[in-house]
Each structure stands twice: as structure tokens, then as C-alpha cells.
Amino acid sequence: MRIVIAPDSFKGSMSSLNAAHAIKRGIKEVIPDAETILIPMADGGEGTVDALATILNGQEIVVEGISDPLGRPIRATYSWVESTSTAIIETASASGLPLLKESELDPHQASTYGTGQLIKHALNKKARKIILGLGGSATVDAGTGCFEALGVQFRDQKGERINANGASLAHISSIDLTALDSRLKNVEVVVASDVTNPLLGKEGAITVFGPQKGVNDISRFEAGMKNYANRVSEKIGMNLENIDGSGAAGGFGFSLLAYLDPIFISGFSLLAEHSCLKEHMKSSHLVITGEGKLDAQTLYGKVPSGISRLAKSVNVPAIAFAGTSTILEDREKGIMTVLPIVDEPMELKEAMTRGPELLYRASKRFMTLYQWISEGKGE
């Protein structure tokens, strides 16, 4: 029995790696000699970097004095793969929503400056490749804070330098790229993101993602973002605001496209490629995935969807565990069944606290049934 275990994180409860171990524990208790291949997954948002670092055996680098979204010094981390001089950086590490209390959300002042500091630290380590995961940011500064940390100067109509943040986008009159860190020209930049939203409009960064970051006045912030997009177009001679992914991480994707020459790739595809996920599936009997919440709408683009499509392409059955679910299966995509892990009445807070235990128990129950059927006892 060979089983691929490739869950996403159960947000607020357990990481994808912890979820994989919980599933493995349940399997091993029923079938001790089962071979399990653990491949923690993510969809380009929070957790993508941790999952990729696990797959590539990255070393955690701790950096002190990095600016959080509001400019306060914190300890932030990224992963370093020594063999390839690759830095794996997640926007959420220095500029993420989890760093702020709900009462602290401030889209006017929030900045990605800290992410730029992490990139600079990686450049100082002579990085040849930087993988940047866009997701979970607390910012709508279009990544200007990051590029300010990397040397770009933003100026108002009087020629005065502007501290880059969400509010300053409306006041940017000119952009000076002269001092942009020249080492970036010799570094391959890969952007991991599953967000395909454009920069502006009803599907854009402000309208779709702004409210969760504290944006109340959509029109005001949209106008600021539009002003910035116009100034960038004047500077580089191209209009990038409608490119898929330009709206990722509060418009961060837009500035990356404007100032660098990045490769954009789905976070899921990046993880699948580096983990040789499809190849592992080909020689397996079963694929198990999972996520905190699954329903008919959120299934699209989520890890279980990607996992099940791959499993279906190699004719291997896939099942998904979920904290909560409104669907039982999606055979068109390849998911044979979706199994909620909560097995008794309880409050959401308790369920999230007990997530690893509940997932282990669900895995054990499923494998007991699976073994019983596979041995022909269910006939």
C-alpha cells in the first residue's frame, strides 16, 4: 500500500505539514507497513513558502529588526537553500495580516517595506534565485514599500520623497529607479501566486481584497492605485494594470512586473513541480488531500482541486478531509469523497484547537473502512 498525503493547511488550526503528519498517524495505526509520501501543499498564499522550504530542505534564516506592516521592528524569517543559493520569501512573514490585530488594520499606513528588507538580506547572502510567495498581506501599497527598501524613490509634485504606503499612492508624481538595487538584475525572481486578479476595477486589488485589510473607502483607494498605475505607465512606457496577477497582495504583483522581470507561477504548480507530485502519484494506490473548508465555490483553484485533477489524470483515487464541507464529492474533478473531520458537536474554536487530533481520528476511521473494503469484506 503506497499513499500520497498532500494536504493544504487547515488555516488557524494546523500547517500543511502538521496535517500531513496527522493523516499519516491515522494510516499507520491501521496499516503499519503502508508506505506514505508526505508532500505539504499550499495554493500560493500563506504557507506556500513553508511547504516549499520543507520540500527543498531549506534552512530557516531569522532576521531581526525587520519592519512589520506598520513599521515596528520584528523578527522575520525566510528560507535559504544553500545548494542553489535560493531564498524563499513569503510576503506574509514581514507584511502579513497575521502580524496585526484587527484593531490595528491601517491600509493608509501599512507598507511592504519589511518584505523589501528580507529581499535585501537575501541579496547580501548572494542569492542567485528568489522565490517570492505573494499572499496574506496586510497592505494595499502596490508593493511600493518593498521597492522603497530596495532603492526606488517615489516623489510628490514638489519633488519631495514620499514614504511608500497605501495612502501615498495618490500623491506619487514621479518615480526614480536610479538607485534600485543593481544586484536584482542578476537574480532570477520567481513569484508564487494563485491570485489572477488585475490591479484595478471590480475584480481588482482594492475592491476584492481591500475590505479584509481595513479599506472602508473603496473609491478613494482605487483612485490612489489608479494614479500610481498611471505614473508607472509613464515611467516604463507600458500599461500593466490589466495583466493577470497584477492585483495580487494589494497590487504587489503590479510593481514586480513593472520593475523586475519575474516569472509568475501558480503556487500549487510550483510545489507540484519541485515535489515531483505527479510522478509520486503514478506509483501510488491512493491520494489523500485536505483543507479547512471546502464547498462548491471555494473548491475551484484550491489545493484539493489541483490534487484531485492530477490524481485523476493518472487514474488514482483521491479523497479529501475538511474541517467543514458542503460537498460530498466532485468526481468530475477527481475527488471520490470529501470527509469532514469533526465527529461530534463542538464549537468552532474547540474544533480548530483540536484539529490535529480530529484529523488523525478521521484518517484512522477512513483507513479502517478502506482496508475492510479492499480486502473484499464489504462485498
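FYI, side chains are in, hydrogens and waters are out, and symmetry mates aren't considered; it's all heavy atoms of this structure.
Atoms CG and CG, on L271 and D8 in that order, are 9.5 Å from each other to the nearest 0.5 Å. Rounding to the nearest 0.5 Å places CE of M41 at 9.0 Å from CG of L270. Between C276 atom SG and K282 atom NZ the span is 10.5 Å, to the nearest 0.5 Å. Note that CG of L134 is 9.5 Å distant from CD of E90, once rounded to the nearest 0.5 Å. Here the OH atom belonging to Y113 is positioned 12.0 Å from the OG1 atom belonging to T144, to the nearest 0.5 angstrom. Remark: S9 OG to L17 CG distance equals 11.5 Å, nearest 0.5 Å.
Residues R75 and V63 have side chains not in contact (no heavy-atom distance under 4.5 Å, counting atoms from C-beta outward). For the pair L52/H274, a side-chain contact is recorded, criterion being any heavy-atom separation below 4.5 Å from C-beta on. Looking at heavy atoms from C-beta onward, E357 lies out of side-chain contact with L359 at the 4.5 angstrom threshold. The closest side-chain heavy-atom distance from Y78 to H121 is below 4.5 Å. Here the side chains of V189 and K129 are not in contact, with every heavy-atom distance at 4.5 Å or above. Annotation: side chain of I319 is not in contact with side chain of V287 (no heavy-atom distance under 4.5 Å). The side-chain heavy atoms of N18 and P356, taken from C-beta on, include no pair separated by under 4.5 Å. Contact annotation: the side chain of V190 never approaches that of L132 to less than 4.5 Å [non-hydrogen atoms, C-beta and beyond].
Between V342 and G323, the shortest heavy-atom distance links the atoms CG2-O, 3.9 Å. Considering every non-hydrogen atom in both P98 and G136, the closest pair reads CD-O, 4.0 Å. The nearest pair of heavy atoms linking A229 to L200 is CB-CD1, 4.4 Å. Minimum heavy-atom separation, A110 to A138: CB-O, 3.5 Å. Listed here is the closest heavy atom pair of R155 and I162: C-CD1, 3.7 Å. Listed here is the closest heavy atom pair of L169 and N227: O-ND2, 2.7 Å.
With hydrogens and angles ignored, the 3.5 Å screen pairs a side-chain donor or acceptor of E148 with a backbone N or O of A164. Within the 3.5 Å criterion, the main-chain N or O of P69 finds no donor-acceptor partner in the side chain of S95. A donor-acceptor pair is defined here as one N or O able to donate and one able to accept, closer than 3.5 Å; no such pair exists between the side chain of S111 and the backbone of N165. Under a 3.5 Å cut-off, the side chain of E104 and the backbone N or O of K101 do form a donor-acceptor pair. Judged by distance alone, with hydrogens and angles left aside, the side-chain atoms of N197 form no donor-acceptor pair with the main-chain N or O of A248 at under 3.5 Å. T139 places no side-chain N or O within donor-acceptor distance of the main-chain N or O of D141, the cut-off being under 3.5 Å. Side-chain atoms of K120 do not come within 3.5 Å of backbone N or O of L150 as any donor-acceptor pair. Under the 3.5 Å distance criterion, the side-chain polar atoms of D156 are matched with a main-chain donor or acceptor of E160. Using a distance-only test at 3.5 Å, with no hydrogens or angles considered, no donor-acceptor pair links the side chain of S85 to the main chain of A127. Distance alone, capped at 3.5 Å, is enough to place a donor-acceptor pair between the T91 side chain and the G133 backbone.
Considering only residues two or more places apart in sequence or on other chains, E188 meets the salt bridge (charged side-chain N to carboxylate O under 4.0 Å, His left out) condition with none of them. Applying the side-chain contact (heavy atoms from CB on, under 4.5 Å) test to N230 and every residue at least two apart in sequence or in another chain returns K226. Legend: residues meeting ring pair (Phe, Tyr, Trp, His ring centres under 6.0 Å) with F209, ordered by chain and number and at least two apart, are absent. In this structure, F10 has no ring pair (Phe, Tyr, Trp, His ring centres under 6.0 Å) partners at least two apart in sequence or on a different chain. By the ring pair (Phe, Tyr, Trp, His ring centres under 6.0 Å) test, F366 is found to be paired with Y370, residues two or more places apart in sequence or in another chain being considered. Not counting sequence neighbours, the partners of D176 by the side-chain contact (heavy atoms from CB on, under 4.5 Å) test are Q153, T178. Scored by the ring pair (Phe, Tyr, Trp, His ring centres under 6.0 Å) test, Y360 finds no partners at all (sequence neighbours excluded). Every residue meeting the side-chain contact (heavy atoms from CB on, under 4.5 Å) condition with A94, not counting sequence neighbours, appears here in chain and number order: I66, A76, T115, L118.
Annotation: F154 is not in aromatic contact with H171 [ring centroid separation under 6.0 Å not met].
Hydrophobic cluster membership is shared by F221 and V232, with clusters built from Ile, Leu, Val, Met, Phe, Trp and Tyr side chains linked at under 4.5 angstrom. Linking ILVMFWY residues whenever their side-chain heavy atoms come closer than 4.5 Å, directly or via other members, places V191 and F147 in the same cluster. In the hydrophobic cluster analysis, where Ile, Leu, Val, Met, Phe, Trp and Tyr join through side-chain heavy atoms closer than 4.5 angstrom, I23 is grouped apart from M352.
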Quiz item: Given the rule in the side chain to side chain contact (heavy atoms under 4.5 Å, CB included) test, do I5 and I37 qualify, once you have shown the distances and angles that lead to the verdict?
Solution: CA-CA 6 Å; I5 305 171; I37 300 92; over 6 Å; no
Practice problem: Please test L177 against K235 for side chain to side chain contact (heavy atoms under 4.5 Å, CB included), starting from the C-alpha separation and ending with a verdict. | Solution: CA-CA 9 Å; L177 301 175; K235 182 66 180 180; 4.1 Å; yes
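Between D181 and R183 there is a salt bridge, since a side-chain N of the basic residue sits under 4.0 Å from a carboxylate O of the acidic one. A salt bridge is absent between K202 and E222; no separation between the charged side-chain nitrogens and carboxylate oxygens falls under 4.0 Å. Between K28 and D33, no side-chain nitrogen of the basic residue sits less than 4.0 Å from a carboxylate oxygen of the acidic one, so the salt-bridge criterion is not met.
Paired with D343 under the rule salt bridge (charged side-chain N to carboxylate O under 4.0 Å, His left out), one option of R354, R361, K364 passes, and it is R361. For the pairing with I131, the side-chain contact (heavy atoms from CB on, under 4.5 Å) check across T86, I265, V81 returns one residue only, T86.
Inspection of the R309 and S305 side chains reveals an N or O donor paired with an N or O acceptor under 3.5 Å. For the 3.5 Å distance criterion, the side chains of S283 and R2 qualify, holding a donor opposite an acceptor.
Residue pairs meeting the side chain to side chain donor-acceptor pair (under 3.5 Å) criterion with at least one partner in residues 242-253, sequence neighbours excluded, do not occur; the list is empty. Applying the side chain to side chain donor-acceptor pair (under 3.5 Å) test to pairs two or more places apart or on separate chains, those with a residue in residues 207-218 are S137-K213, D217-S219.
Within a 6.0 Å sphere centred on CD of E279, other residues, nucleotides and ligands contribute more than 12 heavy atoms.
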Show every donor-acceptor pair shorter than 3.5 Å between a side-chain atom in residues 252-264 and any protein atom, with sequence neighbours excluded, or say none if there are none.
{"unit_1": "S255", "atom_1": "OG", "unit_2": "A142", "atom_2": "O", "d": "2.5"}
{"unit_1": "S255", "atom_1": "OG", "unit_2": "Y228", "atom_2": "OH", "d": "2.7"}
{"unit_1": "Y259", "atom_1": "OH", "unit_2": "Y228", "atom_2": "OH", "d": "2.8"}

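The other members of the hydrophobic cluster of L105, by chain and number, are L70, L97, L100 (side-chain heavy atoms under 4.5 Å, ILVMFWY only).
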